[in-house]
Protein chains: 2
Amino acid sequence: MSSRAEQKSRTRRALMDAALAQLSADRSFGSLSLREVTRQAGLAPTSFYRHFTDLDELGMTLVDEGGVALRQLMRQARRRIVRNGDDGSAIATSIDTFMEYLQGNANLFRLMLRERTGLSEHFRTAIKAEIDHVATELAVDLRRFAAAEGRRLAEPKLVAEAMVALVFSQGAEALDASAEIQEQLKVKLKIELRMVLLGAQEMGTKGYDKV
Amino acid sequence: MSSRAEQKSRTRRALMDAALAQLSADRSFGSLSLREVTRQAGLAPTSFYRHFTDLDELGMTLVDEGGVALRQLMRQARRRIVRNGDDGSAIATSIDTFMEYLQGNANLFRLMLRERTGLSEHFRTAIKAEIDHVATELAVDLRRFAAAEGRRLAEPKLVAEAMVALVFSQGAEALDASAEIQEQLKVKLKIELRMVLLGAQEMGTKGYDKV
DNA sequence: TGTACATCAGTGAACGCGCGTTCACTGATGTAC
DNA sequence: TGTACATCAGTGAACGCGCGTTCACTGATGTAC
């Protein structure tokens, strides 16, 4: 890459980081201003247009990045679980991996969580697609684990969706919590996920009793 | 109440309704403007100050209203369940009640959902408190139901929190969905809640096996 | 290697706009006698 | 009931401010020969 192109992509990155930094304060993406973002990146407002047509385009780029990071997270969790062997702590390992990821990508995650119910249809759809992707992959894993243990699991996709919903819900709380509170959230989350999995196994084994 | 005071409270209501109406479009509360709200309410911008010191005060009033509505919802669901007798469909009845409420108070619910992860610490704390209140009440009910049926239920509070998280997560999706999709979401939600409850009963009966 | 020209990331001035807030006001409603 | 005065919800003009966007520019980097 030419040094001019390198410089350009560095600046582009600086703009994205500036936007993420603003999100870490109590800001929704929709309340960001182009001038603030460029100011934080140390650029003139007009320079923004050399990189993005508007803030929404920058936002969608960040959502894409969040999606990529989520998939990395899943892969890493899977690798760790396999490495550990099946010592029955797949859930705990996944949660640990998730929480580590949360620490390292807090602002990216904040964007996903905040705009999932946020401003624009466009954003919401994109984020929903990323989350759905995670749930689908998880469903495949759950099916595989259940089969490997010779267990029946009712509705693996629903189990996965419920788990993802719970993880994201706790994740939102964990974002600005102290390390101590985060530990408590991990314990709670672990029990909640167990309940879902156990219930699904029961339903898979004994059929859908009314509750 | 004097007619002057009545008129004043009508205007106050009009401002709150105008803000809620704006939220129904793709707007987060933080992106509302005082001028837009007063314009929609048919008032001069300056009139706003006769009713609220700023938009945040109006917002907190709406959050309070959302909390009241949530409690009404719980009471209504409980009444219906009792009326139906225990035909084993307590979950279905609760979900139906919730979805009806969602329809009737869409904008209020949107505010709660959107600002739960949203702008200000102040808002988030207030909304979290309302949701926690719901979970606590639900935990009491769950404990009672379980006792009535002579079952053990592990961690009723966690079960309640997981259920509330799932209901709110699906609620967010249901908000702008078609009637058809909403039916699907209800079915999914019902199964997910069953899983949690069944799993908790298993854990209550057989102890906390590792998963 | 040296020279002449093209590209293009970043700039600074300028624009019109909607914003929140202030202020002194108006006139209907409420109150005291 | 009638009169004089007080209250106060709602107003319109005005303010300074930060915003997004346009435009013509600069000067370093890249390219052709």
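Naming convention: chains lettered A, B, ... in sequence-line order (proteins, then strands); numbering from 1 in each chain.
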Salt bridge (Lys or Arg N to Asp or Glu O under 4.0 Å) involving A:R80 - partner list, sequence neighbours excluded: A:E100
Using 30° and 60° as the class limits, which term best fits the ring planes of B:F168 and B:F98: parallel, tilted or perpendicular?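 B:F168 vs B:F98 ring planes: tilted.
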Could you tell me if A:T11 and A:Q7 have a donor-acceptor pair between their side chains, going purely by distance under 3.5 Å?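 Distance-only check passes for A:Q7 and A:T11.
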Using a 3.5 Å cut-off and no angle test, enumerate the donor-acceptor pairs between side-chain atoms of residues 42-51 of chain A and protein atoms at least two apart in sequence or in another chain.
{"from": "A:S47", "atom 1": "OG", "to": "A:A44", "atom 2": "O", "distance (Å)": "3.4"}

Rounded to the nearest Å, what distance is computed from the [atom1] atom of residue [X] to the [atom2] atom of nucleotide [N]?
{"X": "B:Y49", "N": "C:dC19", "atom1": "OH", "atom2": "P", "answer": "12 Å"}
{"X": "A:R39", "N": "D:dG20", "atom1": "CZ", "atom2": "C1'", "answer": "13 Å"}
{"X": "B:D54", "N": "C:dT21", "atom1": "CG", "atom2": "C1'", "answer": "12 Å"}
{"X": "B:E36", "N": "C:dT21", "atom1": "CD", "atom2": "C1'", "answer": "17 Å"}
{"X": "B:L15", "N": "D:dA9", "atom1": "CG", "atom2": "P", "answer": "13 Å"}

Between protein and nucleic acid, restricted to nucleotides 27-29 of chain C and to nitrogen or oxygen atoms under 3.5 Å apart, what atom pairs and distances do you find?
{"from": "C:dT29", "atom 1": "O3'", "to": "B:S3", "atom 2": "OG", "distance (Å)": "3.4"}
{"from": "C:dT29", "atom 1": "O2", "to": "B:R4", "atom 2": "NH2", "distance (Å)": "2.8"}

With the threshold set at 4.0 Å, does a side-chain nitrogen-carboxylate oxygen contact exist between B:R13 and B:D17?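 So B:R13 pairs with B:D17 through a salt bridge.
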For A:R39, is there an ion pair with A:E36 - N to carboxylate O distance below 4.0 angstrom? no
For the backbone of A:L153 and the side chain of A:R143, can you confirm whether one donor and one acceptor N or O come within less than 3.5 Å of each other? no
Would you mind classifying the nucleic acid contact of B:R10 as base, sugar-phosphate or nothing, using non-hydrogen atoms under 4.0 angstrom?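 It contacts nothing in the nucleic acid.
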N/O-N/O pairs, protein side and nucleotides 10-14 of chain D side, under 3.5 Å:
{"from": "D:dG10", "atom 1": "OP1", "to": "B:T11", "atom 2": "OG1", "distance (Å)": "2.4"}
{"from": "D:dG10", "atom 1": "OP2", "to": "B:H51", "atom 2": "NE2", "distance (Å)": "2.5"}
{"from": "D:dG10", "atom 1": "N7", "to": "B:R50", "atom 2": "NE", "distance (Å)": "2.6"}
{"from": "D:dG10", "atom 1": "N7", "to": "B:R50", "atom 2": "NH2", "distance (Å)": "3.3"}
{"from": "D:dG10", "atom 1": "O6", "to": "B:R50", "atom 2": "NH2", "distance (Å)": "2.4"}
{"from": "D:dT11", "atom 1": "OP2", "to": "B:A44", "atom 2": "N", "distance (Å)": "2.9"}
{"from": "D:dT11", "atom 1": "OP2", "to": "B:S47", "atom 2": "OG", "distance (Å)": "2.7"}
{"from": "D:dG12", "atom 1": "O6", "to": "B:T46", "atom 2": "OG1", "distance (Å)": "3.1"}
{"from": "D:dA14", "atom 1": "N6", "to": "B:R35", "atom 2": "NH2", "distance (Å)": "3.3"}

When rounded to the nearest 0.5 Å, the distance separating CD of B:Q201 from CG of A:L198 is 11.5 Å
What distance do A:M195 atom CE and B:E155 atom CD have between them, rounded to the nearest 0.5 Å?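 It is 6.0 Å, given to the nearest 0.5 Å.
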Test side-chain contact (heavy atoms from CB on, under 4.5 Å) applied to A:D64 and A:V68, step by step: CA-CA 6 Å; A:D64 288 345; A:V68 169; 5.7 Å; no
Where does DNA chain D pair, written as one dot-bracket string 5' to 3', with Watson-Crick or G-U pairs under 3.5 Å, ( ) inside the strand, [ ] for crossing pairs and | for another strand? .||||||||||||||||||||||||||||||||
For A:A172, which residues count as a side-chain contact (heavy atoms from CB on, under 4.5 Å) partner, sequence neighbours excluded? A:L113, B:T117
